[in-house]
Number of protein chains: 2
Amino acid sequence: MTDPTKPRTDPRILRTRQLLKDAFIDLMQEMDIEKISVNKIAERATINRVTFYLHYRDIPDMMEKMADEMVEEWQEVLNKGVYDQATDREIHWLRLVSLLEHIAEHAKFYKVILASKRTPVIFTDRLKRLLVDAITTRIESQGNDSYLVRAGIQKDIAIWYGSSALIGTIVSWLRSDMRYTPQFLAKQFALLVSNYGRDEE
Amino acid sequence: MTDPTKPRTDPRILRTRQLLKDAFIDLMQEMDIEKISVNKIAERATINRVTFYLHYRDIPDMMEKMADEMVEEWQEVLNKGVYDQATDREIHWLRLVSLLEHIAEHAKFYKVILASKRTPVIFTDRLKRLLVDAITTRIESQGNDSYLVRAGIQKDIAIWYGSSALIGTIVSWLRSDMRYTPQFLAKQFALLVSNYGRDEE
DNA sequence: AGACTTAATTTACAATGTGTAAGATAATTT
DNA sequence: AAATTATCTTACACATTGTAAATTAAGTCT
């Protein structure tokens, strides 16, 4: 987890950045994003405004970096599970469950970042790209006799469709205050894609 | 189309608003949304900055109103077709085709509004809500012996899934510069939902 | 522990953007 | 042609932005 090649970051930097990010999430809960200024973030974080600029070029840059971190976390979550003698299908299901659990654990963050009225699309876009890559390698590995090909469905369109459905459903789920458990929702996904999921084993 | 109850708007108002909206779309192509100011919009529109405030409270308010208009247009497109002796399924397909054709016709607008990096989610959200309503009434009308119920799929989740998939695929299609024709894409949608589309006739 | 290095703070400044007001001018309606 | 209404002009107070230079505080290294 800790990279020994990098010389280990100054704790003051970590502290400042965390305070700034927390303050930002806080403010996002209270007001629309256009009303958030560097001023307010710094004030809420009890950090001098000038210090903000030592870490981020501006607010969009800050969001960009937060998005990077979010993607990294998803990658960790999706790779950490060790599923020894499980079928491919089980693995995918378990991964989805841990992803949904991760989101539920950090619901405050994700609700604000993905599901508030004026969020820019970068956050969902990043995650979608991650899923597109994951689904792509999975579909490519099936070769040309998959369900998709047999049904006359274009691969790229199926990937657009599936990744959008996944992200979008997660956002709606967040907006509903996670009305279903991660397990239940994952099962529902499995049912919804079962059409072309049939030969993915 | 023209509502005779309303007293007909001053052409100067129409002109000004159109110039402002065009300028905004123009600027969105050139720069990220956070860099767009009332100043720049007014300048590009060759309208005095003060005049902007006679029409919109601020930029978010302007976007809100543009989103309203966009939703109205979609409703018109979706309701205008007269499909006399067509099955339900054919009607849905034809409606989808005209919607995709409408989007293709106004590609410049939709690319900027729905598919650029930093767009706020309000635009896609509004459209999603429209689709959610449409799909909901359709599913509700099927009662309790639909495919969904038989397969053990929760209605609301299916609606989240389907509407997100539709909007998301359209966005990806726009980003790909509409690499497929509206007819072809609509056909692909039909194939992708064919699983629970089977008993919608 | 003390010297060295780096981060955060303080104060300051120019530039840009915001939102509103009051009066003058131009276009539209009646 | 008169009345109405939209736009323009000029002006102002205020917030926000991004940067600079000097100072203080915290962390690192030997």
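Residue numbers begin at 1 in each chain, while the letters A, B, ... track the order of the sequences.
- When the side-chain contact (heavy atoms from CB on, under 4.5 Å) test is applied to A186(B), the partners found at least two apart in sequence or on another chain are W93(B), L96(B), V97(B), L100(B).
- By the ring-ring contact (aromatic ring centres under 6.0 Å, His included) test, Y56(B) is found to be paired with F52(B), residues two or more places apart in sequence or in another chain being considered.
- Among the protein residues, I47(B) comes within range of the sugar-phosphate backbone only, with heavy atoms under 4.0 Å from sugar or phosphate atoms but none that close to a base.
- Under the rule for a ring-ring contact (aromatic ring centres under 6.0 Å, His included), H55(A) has no partner lying at least two apart in sequence or in another chain.
- Under a 4.0 Å N-O distance rule, the pair D156(B)/R179(A) qualifies as a salt bridge.
- A heavy atom closer than 4.0 Å to some atom of DNA chain C occurs in I13(A), T16(A), these being the qualifying members of residues 13-28 of chain A.
- The interatomic distance linking R57(A) (CZ) with dG18(D) (C1') rounds to 12 Å, in whole Å.
- Between the P atom of dT18(C) and the OH atom of Y56(B) lies a distance of 16 Å, rounded to the nearest Å.
- Residues satisfying the side chain to side chain donor-acceptor pair (under 3.5 Å) test with D177(A), not counting sequence neighbours, are K111(A).
- Within the helix from dA1(C)-dT30(D) to dT30(C)-dA1(D), the inter-axis angle between the opening and closing five-pair segments is 40°, rounded to 10°.
- Residue pairs satisfying the side-chain hydrogen bond (donor to acceptor under 3.5 Å, both in side chains) criterion with at least one member in residues 19-31 of chain A, sequence neighbours excluded, are listed as follows: Q18(A)-D22(A), K21(A)-E69(A), D26(A)-R44(A), D26(A)-K108(A), E30(A)-R44(A).
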Provide a list of protein-nucleic acid N or O atom pairs under 3.5 angstrom, restricted to nucleotides 13-17 of chain D.
from	atom 1	to	atom 2	distance (Å)
dT17(D)	OP2	V38(A)	N	3.2

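- In terms of the salt bridge (charged side-chain N to carboxylate O under 4.0 Å, His left out) criterion, D133(A) has no residue partners (sequence neighbours excluded).
- In this structure, N48(B) atom CG and dT9(D) atom P are separated by 6 Å, rounded to whole Å.
- The aromatic rings of H106(A) and H102(A) sit tilted relative to each other, their planes meeting at an angle between 30° and 60°.
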Protein N or O to nucleotides 21-28 of chain C N or O, pairs below 3.5 Å:
from	atom 1	to	atom 2	distance (Å)
dA27(C)	N3	R12(B)	NH1	3.1

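- If you take NE2 of H55(B) and C1' of dT5(D), they are 11 Å apart, rounded to a whole angstrom.
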>> Is there a salt bridge (charged side-chain N to carboxylate O under 4.0 Å, His left out) between E90(A) and R95(A)? Walk through the geometry before answering.
In response: CA-CA 8 Å; E90(A) 282 167 343; R95(A) 280 193 178 147; over 6 Å; no
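- Contacts of R129(A) classified as salt bridge (charged side-chain N to carboxylate O under 4.0 Å, His left out), with partners at least two apart in sequence or in another chain: none.
- One interatomic measurement links the two molecules: CZ of F52(B) to C1' of dG17(C), which rounds to 12 Å at whole-angstrom precision.
- Partners of I157(A) under the side-chain contact (heavy atoms from CB on, under 4.5 Å) rule, at least two apart in sequence or in another chain, are Q154(A), W160(A), T169(B), Y180(B), F184(B), L185(B), Q188(B), L192(B).
- D125(B) and R118(A) are not joined by a salt bridge, as no carboxylate oxygen comes within less than 4.0 angstrom of a charged side-chain nitrogen.
- Under the 3.5 Å distance criterion, the side-chain polar atoms of S98(B) are matched with a main-chain donor or acceptor of L94(B).
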